[in-house]
Amino acid sequence: MTDVNHLEGDVRTLAISRSSVMRGMKKRRVSFLDIKRVNEQVQTYKLQETDVIIGRTSDNPIQLSFPNISRHHSKISFSNDSYLIEDLESTNGTFVNGISIAKCVLHPNDVIEIGETHIFYYEREELIS
Amino acid sequence: MKNAFITFWGCRGSIATPGRSTERYGGNTSCICLKYDNAYYIFDAGTGIRGLGVELMDFVEDHYDGEPIELNIFLSHTHWDHIQGLPFFQPAYDSRFKLNIYGSENQDEMLEKTLSGQMNSVYFPVPMSQLNADLNVHVDLHAIDIHGVKISSTDQDHPGGSTAFKTILDKDRTFVYATDNELDLQFNSDGTPKNKMGQRYFNFISAVDYLIADGQYTDEEYLDKVGWGHTSLSLIHKVAYAAGVKNLVIYHHDPMHTDSILEDLSHKYMQQYESLTPAMQVIWAREGLTIPLRS
């Protein structure tokens with residue numbers, strides 16, 4: 001077990017440079033979608049830098065097979081270090097925090113509504129080597 | 001019906017406020033862009049216009065066909081937070097663009113002189129003469145008609161003066177851009193006009209589909225800022241509702257209002273006005289948001 005009293009007087013603990021602490025470690029912001037429908041378990045989707053289409057048909061990376069969802073309903077893309085959601089001229093619209101949008105830069109805690117599906121956007125910082 | 005979209009490039013009033021506490025609503029100052037049938041109508045040129053310029057440069061690289069791309073810029077007035085982005089607006093330096101700038105003359109200075117003044121070498125390294133776009137300044141705001149889109153204006157109560165613009169896209173879609181206006185001096189606390197300027201404003205915004213309006217101060221903050229040219233939040237909601245506005249967009253956020261303050265305020269007023277019959281949708285403008293303009 002470490003003796004805290006001894007460490008307090010140990011000047012070597014102050015000599016650790018920032019570069020040695022940070023060596024080999026980079027931080028990256030990672031974004032996720034939690035997809036929630038009533039009476040169903042939450043599905044988590046990790047976003048990459050490629051476009052993600054949300055829609056009713058099976059060719060969509062995020063498939064929501066429900067009648068009020070358009071075949072290709074919304075697109076999430078990565079631009080300027082941010083994720084952007086865009087409505088693909090869907091019949092019933094894409095909503096962010098209750099507002100009908102054509103496009104919207106996403107921020108943590110935004111709630112996307114597509115039909116009766118709620119999608120929660122959030123971010124985490126991850127260390128990468 | 002042709003598509004029409006409004007994008008918010010800068011929603012902050014007074015001064016740009018970058019930083020962690022303003023990431024959600026954004027720190028750039030006033031600038032919105034209406035895109036309608038491949039034409040651009042830009043309202044104010046605060047620091048937000050820089051980002052719009054970047055997007056337009058990407059667009060021109062892919063879509064330029066030899067014809068100049070027309071950008072119509074309407075300036076509510078020439079206080080810094082409404083013109084400061086113009087020297088950083090890349091299309092202004094590019095001959096593939098044509099810029100039509102519309103605005104009222106200031107009492108003391110010609111509009112063109114005011115805009116070139118901020119590019120004086122004392123303030124900025126590049127002179128206005130290096131703007132290569134076809135640049136035209138218009139100070140006659142009567143009966144503007146651009147490709148069938150009709151734009152009218154009215155004076156507002158703001159130190160030095162400011163102008164509100166009403167855009168009529170077609171018989172079903174209208175919106176008003178009305179920032180930097182002190183309605184508290186023109187309206188009673190119940191939202192009824194108390195002078196001619198208030199009555200004129202009330203008529204101007206009546207039954208519009210979207211009103212993008214100054215809501216800089218809370219009611220408590222306003223008490224210390226009478227005469228500064230901005231409106232208290234309760235009053236703009238009352239006036240808009242009484243005038244039959246369908247969608248009220250709160251804009252020109254105070255630089256002291258962090259994201260969490262704006263979230264609290266937006267929830268309070270959205271719940272209040274969206275539960276009425278008829279309901280008025282309340283949108284808190286945020287940078288990076290594009291909304292479809294519907295009737």
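Here is how names work: the chains are called A, B, and so on, in the same order as the sequence lines, proteins then strands, and each is numbered from 1.
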**Q.** Separation of B:T290 OG1 from A:I101 CD1 (nearest 0.5 Å)
**A.**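 That separation rounds to 8.0 Å.
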
(Q) Within this structure, what is the NE2-CG distance for the pair B:H267 and A:N97, rounded to the nearest 0.5 Å? (A)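 Between atom NE2 of B:H267 and atom CG of A:N97 there are 7.5 Å.
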
Q) For B:Q281, is it the side chain, the backbone, both, or neither that has a heavy atom closer than 4.5 Å to a heavy atom of chain A? A)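 Side chain only.
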
**Q.** chain A contact via B:D259 - side chain, backbone, both or neither, heavy atoms under 4.5 Å
**A.**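 Contact with chain A involves no heavy atom of B:D259 at all.
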
Q | Engaged part of A:D110 at the chain B interface, taking heavy atoms whose separation is under 4.5 Å | A |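 It is both, since atoms from each part get that close.
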
Neighbour count >12 (heavy atoms, 6.0 Å) for atom [atom1], [X]:
{"X": "A:N39", "atom1": "CG", "answer": "no"}
{"X": "A:N109", "atom1": "CG", "answer": "no"}
{"X": "B:R50", "atom1": "CZ", "answer": "no"}
{"X": "B:D219", "atom1": "CG", "answer": "yes"}
{"X": "B:Q272", "atom1": "CD", "answer": "yes"}
{"X": "A:Q41", "atom1": "CD", "answer": "no"}

Give me the atom names and distance for the closest heavy-atom approach of [X] to [Y].
{"X": "B:V282", "Y": "A:I99", "result": "O-CD1, 4.2 Å"}
{"X": "A:C104", "Y": "B:L289", "result": "SG-CD1, 4.0 Å"}
{"X": "B:P292", "Y": "A:A102", "result": "CD-N, 3.7 Å"}

(Q) Just so I understand: if I count every heavy-atom pair under 4.5 Å between each of B:E274, B:E287, B:R286 and chain A, which residue has the most? (A)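 Winner by heavy-atom pair count: B:R286.
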
Q) Heavy atoms, side chains only, cut-off 4.5 Å: are A:K103 and B:I291 in contact? A)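 Result no, sub-4.5 Å side-chain heavy-atom pair not found.
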
Q: Anything in residues 5-27 of chain B with a heavy-atom distance to chain A below 4.5 Å? Please list those residues in order.
A: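 Interface residues of residues 5-27 of chain B: B:F5, B:E23, B:R24.
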
